[in-house]
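Numbered from 1 within each chain, the chains take letters A, B, ... in sequence-line order. As the structure is a prediction and not an experimental result, all values here were calculated from the model.
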2 protein chains.
Amino acid sequence: MRQLAQALGVSPMTPYRYFADKDAILAAVRAAAFDRFAEALEAAVAAPGDPVERSRHAGDAYVAFALREPQAYRLMFDLNQPTEKDYPELTAAAARARRTMTAHVEAMIQAGQIAGDPELIGHMFWSVLHGVLMLQMSDKLSPNIDPDRLRAATIGALSRGLAVGPG
Amino acid sequence: MRQLAQALGVSPMTPYRYFADKDAILAAVRAAAFDRFAEALEAAVAAPGDPVERSRHAGDAYVAFALREPQAYRLMFDLNQPTEKDYPELTAAAARARRTMTAHVEAMIQAGQIAGDPELIGHMFWSVLHGVLMLQMSDKLSPNIDPDRLRAATIGALSRGLAVGPG
DNA sequence: AACATAAATTTACAACGTAAATCAAATAAG
DNA sequence: CTTATTTGATTTACGTTGTAAATTTATGTT
């Protein structure tokens with residue numbers, strides 16, 4: 001806090017005139033990060049190309065964000081952070097990212113590319129991306145395993161599994 | 001630290017005669033948690049039944065551990081914790097859990113159940129389980145999504161995708 | 001009994017988040 | 001243009017935290 005205040009060129013207690021406490025400040029940072037994240041996803045999904053290509057772009061954008069702003073990504077999903085229920089703006093920003101995901105899956109379904117519950121399918125891909133990234137960032141992967149290869153293989157297998165029959 | 005010392009019925013500085021600092025203590029706790037975790041997996045894999053059934057048991061044991069000891073699971077994969085490279089016992093305990101996983105996949109491959117790199121395939125399932133659990137625990141899933149259903153659907157689709165052709 | 005070694009405690013300090021009191025700057029009322 | 005009143009920022013101070021250093025207590029050993 002004192003460092004932050006100094007970086008802002010202001011006295012240690014000044015931020016407290018604008019935020020309730022440290023958690024509120026971090027919640028604002030989290031919300032801003034989720035907004036940047038949602039923007040990156042929206043841009044990727046809106047790019048030209050067929051639905052499958054745009055899905056790849058979305059996945060790439062997801063990973064690129066996490067690796068470009070690891071601190072932000074960490075904070076966004078940090079289990080030690082207070083639940084976002086207490087911070088409406090944060091809830092909203094997180095929901096926005098989820099909606100982007102779901103909307104794109106819906107588009108793929110309407111294109112006949114895939115079938116099933118769009119929100120569930122979106123969450124399936126999300127889980128894979130997040131899982132690999134978390135294991136990668138916490139240094140839990142075996143030294144023999146290349147994160148990019150793992151991610152590609154898992155997304156590939158999951159896609160194939162979904163193409164056969166919907167979950 | 002002071003609370004811990006009091007719980008041990010000892011003065012605040014006593015733990016420091018046995019551990020370098022707080023991180024070292026937490027690393028020991030993490031290592032112990034990983035050992036319990038590995039034991040749970042080993043037990044599940046060693047249960048009777050065909051390989052596919054035993055895989056299900058392993059997955060169930062994984063999830064059961066995380067939900068039965070959420071604090072432990074959190075700590076084990078906490079990104080804020082110092083890297084386990086500095087704590088050999090911790091590295092060893094984590095590697096033990098990975099080996100259990102890989103060994104079982106190898107068994108499935110030799111049973112002709114599946115094909116591909118066993119360590120990679122093990123990591124694929126691991127990523128899914130970890131991803132869903134983390135999203136669940138950090139309260140990031142959409143209210144419409146049931147974690148158990150999400151996990152089952154994702155594991156199911158991934159399995160189907162792997163059955164078709166190896167990654 | 002005297003000493004050496006190990007183990008635990010006491011004391012002390014710097015850093016943290018923040019409550020309370022104080023002070024300064026802007027705006028409104030007379 | 002004063003004089004209030006509100007707003008914004010700072011200073012001071014307190015309780016907690018992790019832990020370094022000094023000190024005491026317990027445990028062998030000669």
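- Side chain to side chain, B:His104 and B:Ser55 meet the donor-acceptor criterion of an N or O pair below 3.5 Å.
- In this entry the distance linking CD of B:Gln6 with P of D:dT17 reads 11 Å, nearest Å.
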Please tabulate, for the side chains in residues 29-45 of chain A, all donor-acceptor contacts under 3.5 angstrom to protein atoms that are two or more places apart in sequence or on a different chain.
from, atom 1, to, atom 2, distance (Å)
A:Arg30, NH2, A:Pro82, O, 2.9
A:Asp35, OD1, A:Arg96, NH1, 3.0
A:Arg36, NH1, A:Glu69, OE1, 2.1
A:Arg36, NH1, A:Glu69, OE2, 2.9
A:Glu42, OE1, A:Arg96, NH2, 3.1
A:Glu42, OE2, A:Arg96, NE, 2.9
A:Glu42, OE2, A:Arg96, NH2, 3.4

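- Hydrophobic clustering of Ile, Leu, Val, Met, Phe, Trp and Tyr side chains at less than 4.5 Å, counting indirect connections, unites A:Ile109 with A:Met124.
- At a non-hydrogen distance threshold of 4.0 Å, A:Val10, A:Ser11, A:Met13, A:Thr14, A:Arg17, A:Tyr18 from residues 9-24 of chain A come into contact with DNA chain D.
- Judged by distance alone, with hydrogens and angles left aside, the side-chain atoms of B:His57 form no donor-acceptor pair with the main-chain N or O of B:Ala47 at under 3.5 Å.
- Taking the ring pair (Phe, Tyr, Trp, His ring centres under 6.0 Å) definition, one finds that A:His130 meets it with A:Tyr73, A:Phe77, sequence neighbours left out.
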With a 3.5 Å cut-off and sequence neighbours excluded, list the donor-acceptor pairs that the side chains of residues 3-10 of chain B form with protein atoms.
none

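- In terms of the side chain to side chain donor-acceptor pair (under 3.5 Å) criterion, residue partners of B:Asp60 (sequence neighbours excluded) are, by chain and number, B:Arg56.
- By the 4.0 Å N-to-carboxylate-O rule, B:Asp117 lies close enough to A:Arg149 to be salt-bridged with it.
- Close approach of DNA chain C to chain B, defined as any atom under 4.0 Å from a non-hydrogen atom of the protein, starts and stops at C:dA7 to C:dT10.
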